[in-house]
Protein chains: 2
Amino acid sequence: MHILILGAAGMLGRKLTDRLVSGTAGLSPDTLTLVDVVEPLAPAGFKGNVTRQAVDLSAAGVVDRFVATRPDIIFHLAAIVSGEAEADMDKGYRVNLDGTRYLLEAIRQEGARANTEKYYPRVVFTSSIAVFGTPMPPVIPDDFNLTPLSSYGTQKAIGELLLADYSRRGFLDGIGLRLPTICVRPGKPNLAASGFFSSIIREPLVGQPAVLPVSDKVRHWFASPRAAIGFLIHAATCDLAPLGGRRSLALPGVTATVAEEIEALRSVAGEAATRLITRKADPAIERLVSNWPEAFDTQRALALGFRADASFEAIVRVHIEEELGGRV
Amino acid sequence: MHILILGAAGMLGRKLTDRLVSGTAGLSPDTLTLVDVVEPLAPAGFKGNVTRQAVDLSAAGVVDRFVATRPDIIFHLAAIVSGEAEADMDKGYRVNLDGTRYLLEAIRQEGARANTEKYYPRVVFTSSIAVFGTPMPPVIPDDFNLTPLSSYGTQKAIGELLLADYSRRGFLDGIGLRLPTICVRPGKPNLAASGFFSSIIREPLVGQPAVLPVSDKVRHWFASPRAAIGFLIHAATCDLAPLGGRRSLALPGVTATVAEEIEALRSVAGEAATRLITRKADPAIERLVSNWPEAFDTQRALALGFRADASFEAIVRVHIEEELGGRV
C-alpha cells in the first residue's frame, strides 16, 4: 500500500506519519510519499520506501508527479491557517483553493490516462469547523448551511464542494473532515487565531506564562492531536457508502468553555499552573471567536465509527503523555 | 450610472437590457456595457453610451478591462448551463468557476489601485436552486446546507461562497440570486435538463408537439422571465444590509406539479393544446429531476421586497404577452 501525505511536515502530518510507521494504525504502507513546503523529516524506523520532497503545491502541475505514482490513499493536509489566509488573501486562495483543485484534477487526469488500470484513490481532506459562521444553533447539525466568516473557512467550504463533486463523478473516493480545533497543539504558536486555547494549557504545564485574550465563558469544540490522527486513519479505511453524496462531516469533539479548560489544567497540574494565565482582553480575537461554533451533532461520524476524546482533562493528559514524557 | 452585464446575449441578459433601456426599471443607466461570448445585440432606442463585446470571460485578464471602467452595477449572468457543465466538466469549471473568480478578483484589484477613489460596485450574481440536492425537506429554508448534485450546482455554490467572502472583506456589495427555474423559457431548448418544463407549455401554445419525459406528479419551482428580470433589477438597488454575511437567497417562485402546469395550459389555451403533449419517459431525466427541489421558504427575499408570479397560469400568460403578442 502506497500512502501520500500532502502537508507532511506540519504537526498533524508528522504525527500521522509516526502513527503509520508505528504499525499500530491498522494500515501497513510499504511506500510513503511525504510532501510539504519544507522537506518532511524521515520517519524513524520505517522499513519501506520513502520519498520526501519540498515543493509548492499551490503551483500548477506540481502535484501531478506525485499522483502519477498512484498512491492508494492521499491525505491532503496542506493548508495556510486561518490567520494567515485572512492576512494574505492571495496566498490563502492559492494554497487552500488552487492547491486543492490541482490535486483533485490531477487525480481525474491520472484516472483518464489511456491503457491504464482504473485509478480510484481514497482522499482524506482536512476541512474545518470554520466552514460555519454565526448565526448558528448551539449544537450544529451536519446539514447546517456552509456560512464561513473567514477566507480560510470559505476556502475549506469550497474544497468540500469540489471533493463532493469529484467523488460524485467517480474520480476518487473522498471524505472531508471538519476537524475540531486541535488542542493542546504542541510546539510554538502558529498564526491561527485559536492559538490561545492551546497556549493557556501548554505554557503553564512547563512553568511558562500564557495570555488569555477572551472571556472565561467562551465555549469551543476540541480534539486532541491523538484523536485527530485517529480520525484521519479511520477516514482512510472506513466504508464511506453511508455518507451518500455528503462527503464532509463534523468529527466528535469535546465541547468546553475556557473556564472548563482552566479547571482541567488545575485538576491535572494544580492551582499554581492556573496562576500562570494572565487575562488580557483582545477585542479583535474576541470578535473572531464570537463567530465560532461551540458544539456539533456528530451522529453521522459516530455511526461511521469515529470516536472523540473522553473529556477536556483527557485532552490535557494526552499532551502530557505525547509531548512531556508523561511528566508535569 | 454605468451598468455592466456579463452574459448579455443570453435570454435573461437580453430581457434585462430591454427593461433597463425601457425606463421602467427604476434605474437610469447612461452607460451600458454588454458582454458575452457572442456580441450582444444593440439595445433599441437607448440614448446613452453602449459598448458591446464578444469575449471569453473564462480566460484570465479578460474581464479586467470592463471592470477598469468602474461600472456601478455588475450583473454576472454568464454561465454554462447544467447539462453542458455536466457533459463538459472542463468547460463548466472554466466558465462557471474561473469566470466568476476572475470577475471578483478584478473588482478587488481595481479597488486596490493607488490614487483612485474607492470602488465598491453592486454585484448581482445569478446562482441557482441547483446548489441544493437530496435529501432535502419539501420546503427548503435559506439556511439549508449547500448540497449540489451536479457540477453546475457545485460551481454556483462556490460562486456564492466567493461572493460572500469578497463582500465580507469589503471589496464589493454582492448578492446571489438562487433563481427558480425560468418558465416559460422562450426560444429554442438549451442544454438544461429542465427544458421540458418550458417546452410542454411553449410548443403547444404555437400548435407544436412537445415531449414530457417525467411523471405528472413531478413538482418544481418556477418564475417567469418577467419575474426573474424583476428580481435582478430589485437586487441591483435594494438595501442588502438585512442579509448580513449570507449574501445568497432563494427567490419567491411558484411551486407547481407537471399536472398543474398542464392544467394551466388547458385553462389558457384549451384542451386541444394539452393533447399536443406526448408522454415518453426518460429515465435519465427522471433521475436528475428527482434530485431537484420542489419549493422554498423565501421569507428573507420577501422581507427584502422580492415578489413572485401570482400563479402558474400567470406564468403562462406572461409568455403569451411577451413572446406571442398576446395571442394564442
Side-chain angles (χ1 to χ4, degrees), chain A residues 60 85-87 89-90 92-94 96-98 100-101 104-105 108-109 112 130-137 140-171 178 243-250 291 300, chain B residues 60 85-87 89-90 92-94 96-98 100-101 104-105 108-109 112 130-137 140-171 178 243-250 291 300:
Chain A
E86 201 65 19
M89 186 164 171
D90 292 321
Y93 271 94
R94 207 165 56 235
N96 295 350
L97 172 47
D98 294 330
T100 298
R101 201 167 156 204
L104 302 180
E105 191 56 23
R108 174 182 166 226
Q109 297 299 340
V131 298
F132 300 112
T134 50
M136 52 196 169
I140 300 173
D142 266 353
D143 63 1
F144 189 67
N145 192 10
L146 297 172
T147 51
L149 291 175
S150 65
S151 291
Y152 175 79
T154 301
Q155 292 144 13
K156 288 296 187 185
I158 293 173
E160 290 189 1
L161 287 161
L162 293 170
L163 188 79
D165 197 38
Y166 278 71
S167 294
R168 180 186 64 80
R169 297 187 73 134
F171 304 126
R178 293 169 184 158
L243 290 180
R246 304 201 177 164
R247 294 285 180 149
S248 292
L249 73 178
N291 286 323
R300 284 206 314 159
Chain B
E86 201 65 19
M89 186 164 171
D90 292 321
Y93 272 93
R94 208 165 56 235
N96 295 349
L97 172 47
D98 294 331
T100 298
R101 201 167 157 204
L104 302 180
E105 191 56 23
R108 175 184 165 225
Q109 296 300 340
V131 298
F132 301 114
T134 49
M136 50 195 169
I140 300 173
D142 266 352
D143 63 2
F144 190 67
N145 193 8
L146 296 172
T147 51
L149 292 175
S150 65
S151 291
Y152 174 79
T154 301
Q155 292 144 13
K156 288 296 187 183
I158 292 172
E160 290 189 2
L161 287 161
L162 292 170
L163 188 79
D165 198 38
Y166 278 72
S167 294
R168 182 186 63 80
R169 296 187 74 135
F171 303 128
R178 293 168 184 158
L243 290 181
R246 303 201 178 164
R247 294 284 180 150
S248 292
L249 74 176
N291 286 323
R300 283 206 315 159

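Quick note on labels: first sequence line is chain A, next is B, and so on, each numbered from 1.
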A:Glu105 versus B:Asp90: any side-chain heavy-atom pair under 4.5 Å?
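Yes, close enough: below the 4.5 Å cut-off.
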Would you say A:Leu162 and B:Ile158 make side-chain contact, with heavy atoms under 4.5 Å?
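A:Leu162 vs B:Ile158: side chains touch.
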Distance from [X] atom [atom1] to [Y] atom [atom2], nearest 0.5 Å?
{"X": "B:Asn145", "Y": "A:Thr147", "atom1": "CG", "atom2": "OG1", "answer": "9.5 Å"}
{"X": "B:Asp165", "Y": "A:Leu97", "atom1": "CG", "atom2": "CG", "answer": "10.5 Å"}
{"X": "A:Arg246", "Y": "B:Leu149", "atom1": "CZ", "atom2": "CG", "answer": "7.5 Å"}
{"X": "B:Ser150", "Y": "A:Arg168", "atom1": "OG", "atom2": "CZ", "answer": "6.0 Å"}

Which answer fits [X], side chain, backbone, both or neither, if we ask what part of it has an atom under 4.5 Å from a heavy atom of chain A?
{"X": "B:Glu86", "answer": "both"}
{"X": "B:Tyr93", "answer": "both"}
{"X": "B:Ala164", "answer": "neither"}
{"X": "B:Arg101", "answer": "side chain"}

Heavy-atom distance under 4.5 Å to chain B: side chain of [X], backbone, both or neither?
{"X": "A:Phe171", "value": "side chain"}
{"X": "A:Pro141", "value": "neither"}
{"X": "A:Arg169", "value": "side chain"}

